[in-house]
Amino acid sequence: MQKRLKGKVAIVAGAGSTGVDGLGNGKASAVVYAREGASVMLVDLNLEAAEKTRQMIEQEGGTCFAFQANVRQRSDCEAMVQKCLQEYGQIDILHNNVGVEPKTFGGVLNTDDAEWDRVINVNLKSMFITSSAVLPSMLERGSGAILNISSVSAERLSPGLFLYCVSKAGVNTLTKAMALDYADKGIRVNAIMPGLMDTPMVERHKEFYGGDREKMRQLRNERAPMKRMGEAWDVANAALFLVSDEAKYITGQVLAVDGGYLCKP
Amino acid sequence: MGRLDGKAAVITGGSQGIGRATVELFIAEGAKVVVADLLASEGEALCDRLGPDCVFCKTDVTVEDQVRNLIEVAVKRFGRIDCLFNNAGILGQTGGIESMEVDRFDRVMASHGRSVMLGMKHVAPYMKQQGFGSIINTGSISGIQAVSAYMDYSAAKAAVIHLTKCVAMELGEFGIRVNSVSPGQIATGMGKTGPDALEKAAVLRELNKTRQPIPRSGMPEDVAFAALYLASDESSFVNGHDLVVDGGLIGGSSWTERQRMSASVHGALQRQA
Ligand SMILES: NC(=O)c1ccc[n+]([C@@H]2O[C@H](COP(=O)([O-])OP(=O)(O)OC[C@H]3O[C@@H](n4cnc5c(N)ncnc54)[C@H](O)[C@@H]3O)[C@@H](O)[C@H]2O)c1
Ligand SMILES: NC(=O)c1ccc[n+]([C@@H]2O[C@H](COP(=O)([O-])OP(=O)(O)OC[C@H]3O[C@@H](n4cnc5c(N)ncnc54)[C@H](O)[C@@H]3O)[C@@H](O)[C@H]2O)c1
């Protein structure tokens with residue numbers, strides 16, 4: 001069977017994992033892209049985390065390299081694009097995985113300007129910056145696929161998470177707007193909303209469960225209509241479908257990978 | 001290695017159009033398929049061409065006994081049922097609410113809403129027993145956006161999309177996923193058969209070029225790939241979702257020549273000021 005991303009080049013921003021050794025959405029996506037034949041540039045603020053992903057891919061015989069960049073910085077993103085073009089000569093896929101939760105859970109009154117700026121910049125502005133850095137080269141070739149990682153929080157609010165929700169709602173709208181602007185230039189833009197996932201990023205939610213990790217996992221499993229959380233691989237496989245040519249008529253879509261969480265009353 | 005190796009699927013409306021493209025793709029990916037349709041000669045010819053893993057079962061999907069029989073045929077033949085693609089359907093009527101023909105309204109509702117309900121009703125017990133399964137229903141962007149032409153069809157498709165989500169909530173915990181796929185403007189011969197269908201598809205392929213932001217018509221294969229994703233284990237955490245395959249249509253208009261012109265006029269005015 002032909003590999004589904006044969007000959008393609010992908011940049012995965014946020015390709016490492018929280019806790020370095022764990023398996024998050026970004027890491028799993030980078031691994032799946034490489035398995036399907038793509039050459040992958042692994043971008044992360046934490047170089048050590050990106051290197052772990054590189055090791056995993058290289059052990060499987062895939063092609064990739066790690067690169068340190070802060071996606072909040074335009075200069076870093078421009079260097080990232082230059083480096084990718086220098087190494088691989090083209091960019092077919094931009095996968096924007098970077099996202100963080102607010103430091104403290106709470107409402108407007110618990111949030112200062114600096115925290116607002118931090119979360120909006122990391123979760124939303126970063127996708128604007130990486131996209132504007134990558135688009136010229138995609139436009140030149142008349143093709144490309146951009147994938148943004150949003151969250152079910154864009155559509156379903158949870159108490160204490162307003163800032164995260166606002167940032168992810170912005171990601172959904174950015175996705176749809178960019179899709180329209182570049183559809184006739186051969187560029188597709190889609191997003192994924194992961195639901196309750198069993199990944200290292202959510203470890204800190206155990207605060208809500210009296211620090212009891214097992215209780216947290218059990219209750220998160222129960223809250224999902226499929227009575228289980230999803231895995232990073234679920235996001236990675238959805239990403240693979242959306243960036244591959246199989247989805248070449250899909251643009252401006254926000255795919256929920258949530259076991260049905262968003263339908264639930 | 002195919003992505004549906006070892007799986008068995010039922011595809012309704014599989015004799016032509018989107019259904020047929022999906023039958024072909026599923027077979028190529030290693031599935032065994034029962035094709036259900038009213039069009040027997042087309043369906044049988046398709047199965048003959050695709051070999052013993054593809055069998056035809058003449059079915060009117062609006063009739064409960066026939067749908068029950070269809071699912072039984074699949075389970076008897078292949079010993080399991082991994083996927084049901086409820087895709088059959090007919091066109092709605094044009095003209096407004098005042099000229100609505102009531103019998104025709106009922107037929108359109110039945111061909112989409114009732115048929116999808118019947119398929120899910122009769123496949124659920126088998127899938128529950130297995131502890132897995134993927135049900136895919138064909139919605140439409142008409143079920144999302146309100147258009148006054150084909151209002152019966154649009155309302156029926158809205159019902160399909162919502163019923164999908166309701167059943168997803170019920171069956172999720174049994175390992176069964178229920179999703180819909182909503183095509184935009186796809187070049188098929190919908191509502192016609194034989195050479196007329198081919199001609200309609202060819203005309204639509206041209207006409208559709210400018211009807212959505214991606215400047216080409218949707219093709220049956222585009223929808224078939226979405227169905228493949230939803231049928232395969234790659235989507236094992238996707239449930240209750242309506243996957244839209246429309247070249248960006250429902251998102252709005254992209255930059256047209258006209259908009260480009262007004263933007264440049266705006267720019268010129270700004271420079272003058
Ligand atoms: N895990 C879940 O349950 C869940 C649910 C919904 C949405 N999401 C979304 O998924 C995405 C992340 O998933 P993950 O599992 O890969 O998370 P992760 O935290 O494991 O990995 C994110 C990586 O991004 C890197 N990063 C952070 N800030 C950066 C910056 N400014 N520049 C470059 N790199 C930076 C981190 O170092 C980390 O390696 C986020 O967008 C998140 O909002 C996750
Ligand atoms: N073509 C489009 O642009 C488009 C757009 C959105 C949604 N859809 C939907 O996609 C699905 C497939 O449409 P298509 O374009 O391939 O059309 P099509 O007419 O080529 O295929 C539909 C098939 O369903 C069969 N069918 C109709 N009523 C039936 C019944 N009662 N029992 C059994 N079989 C029956 C027909 O015989 C035909 O083979 C339909 O549900 C349609 O509403 C199509």
Side-chain angles (χ1 to χ4, degrees), chain A residues 1 4 32 173 175-190 192-198 221-222 224-242 244-265, chain B residues 1-3 25 28-30 162 164-166 168-179 183-186 210 212-219 221-226 228-230 232-256:
Chain A
M1 214 42 35
R4 288 154 71 189
V32 164
T173 301
T175 301
K176 293 176 197 176
M178 281 179 48
L180 284 186
D181 285 344
Y182 300 104
D184 60 345
K185 314 281 190 317
I187 291 155
R188 300 184 298 106
V189 190
N190 293 292
I192 291 173
M193 294 185 286
L196 295 162
M197 309 305 285
D198 195 4
N221 281 333
E222 275 168 24
M226 296 187 78
K227 300 291 174 230
R228 66 173 177 90
M229 288 187 274
E231 297 174 2
W233 300 116
D234 295 315
V235 174
N237 286 326
L240 168 64
F241 168 64
L242 288 173
S244 78
D245 289 341
E246 289 170 19
K248 63 184 185 296
Y249 206 57
I250 301 182
T251 195
Q253 283 306 305
V254 180
L255 174 62
V257 180
D258 68 347
Y261 181 82
L262 280 180
C263 302
K264 212 178 56 157
Chain B
M1 220 188 58
R3 283 153 66 190
L25 183 61
E29 290 292 342
H162 200 72
T164 299
K165 293 179 195 280
C166 296
M169 292 303 93
E170 181 190 340
L171 298 182
E173 64 182 288
F174 301 101
I176 304 165
R177 303 179 294 106
V178 191
N179 295 287
Q185 307 283 355
I186 312 295
T210 53
Q212 63 283 309
I214 291 185
R216 71 160 170 94
S217 175
M219 299 301 288
E221 299 73 40
D222 294 316
V223 185
F225 277 120
L228 169 61
Y229 169 67
L230 291 173
S232 78
D233 294 338
E234 286 160 29
S235 60
S236 58
F237 201 55
V238 179
N239 188 31
H241 188 77
D242 181 40
L243 180 54
V244 176
V245 184
D246 72 344
L249 196 150
I250 60 168
S253 322
S254 58
W255 279 88
T256 61

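To find a chain, count down the sequence lines: A is the first, B the second, and so on, and within it residues start at 1. The basis for the numbers below is simple: all heavy atoms, side chains too, and nothing from hydrogens, waters or symmetry mates.
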(message) Could you check whether any side-chain N or O of A:N190 sits under 3.5 Å from a backbone N or O of A:V254, counting only pairs where one atom can act as donor and the other as acceptor?
(response) no
Heavy-atom proximity to chain B below 4.5 Å, by part of [X]:
X      : value
A:Q253 : side chain
A:V189 : neither
A:A179 : neither

Min side-chain heavy-atom separation [X]-[Y] under 4.5 Å:
X      : Y      : answer
B:E29  : B:M1   : no
A:M226 : B:F174 : no
A:I250 : A:L242 : yes

Examine whether an atom of [X] lies under 4.5 Å from a heavy atom of chain A, and if so say whether it belongs to the side chain, the backbone or both; otherwise answer neither.
X      : value
B:A226 : both
B:I250 : side chain
B:L243 : side chain
B:S217 : backbone

Leading residue by heavy atom contact count with chain A [cutoff under 4.5 Å; candidates [options]]:
options                : answer
B:A224, B:P215, B:S232 : B:P215
B:E173, B:E221, B:H241 : B:H241
B:L249, B:V238, B:V244 : B:V244

Listing, residues 256-265 of chain A side-chain donor-acceptor contacts under 3.5 Å, not counting sequence neighbours, or none:
from: A:D258; atom 1: OD1; to: A:G260; atom 2: N; distance (Å): 2.9
from: A:D258; atom 1: OD2; to: A:Y261; atom 2: N; distance (Å): 3.3
from: A:D258; atom 1: OD2; to: A:L262; atom 2: N; distance (Å): 2.8
from: A:Y261; atom 1: OH; to: A:R223; atom 2: NH2; distance (Å): 3.2
from: A:K264; atom 1: NZ; to: A:R223; atom 2: O; distance (Å): 2.7

(message) Quick check on the interface: out of A:M197, A:R188, A:E246, who has the most heavy-atom pairs with chain B under 4.5 Å?
(response) A:E246
(message) Pairing donors with acceptors under 3.5 angstrom, does anything connect the side chains of A:Y249 and B:Q212?
(response) yes
(message) Between B:D222 and B:R216, does any side-chain N to carboxylate O distance fall below 4.0 Å?
(response) yes
Let me check something: any side-chain donor-acceptor pairs from residues 227-234 of chain A under 3.5 Å, sequence neighbours excluded? List them with distances.
from: A:K227; atom 1: NZ; to: A:E222; atom 2: O; distance (Å): 3.4
from: A:R228; atom 1: NH2; to: B:S236; atom 2: O; distance (Å): 3.0
from: A:D234; atom 1: OD1; to: B:S236; atom 2: OG; distance (Å): 3.3
from: A:D234; atom 1: OD2; to: A:E231; atom 2: N; distance (Å): 2.8

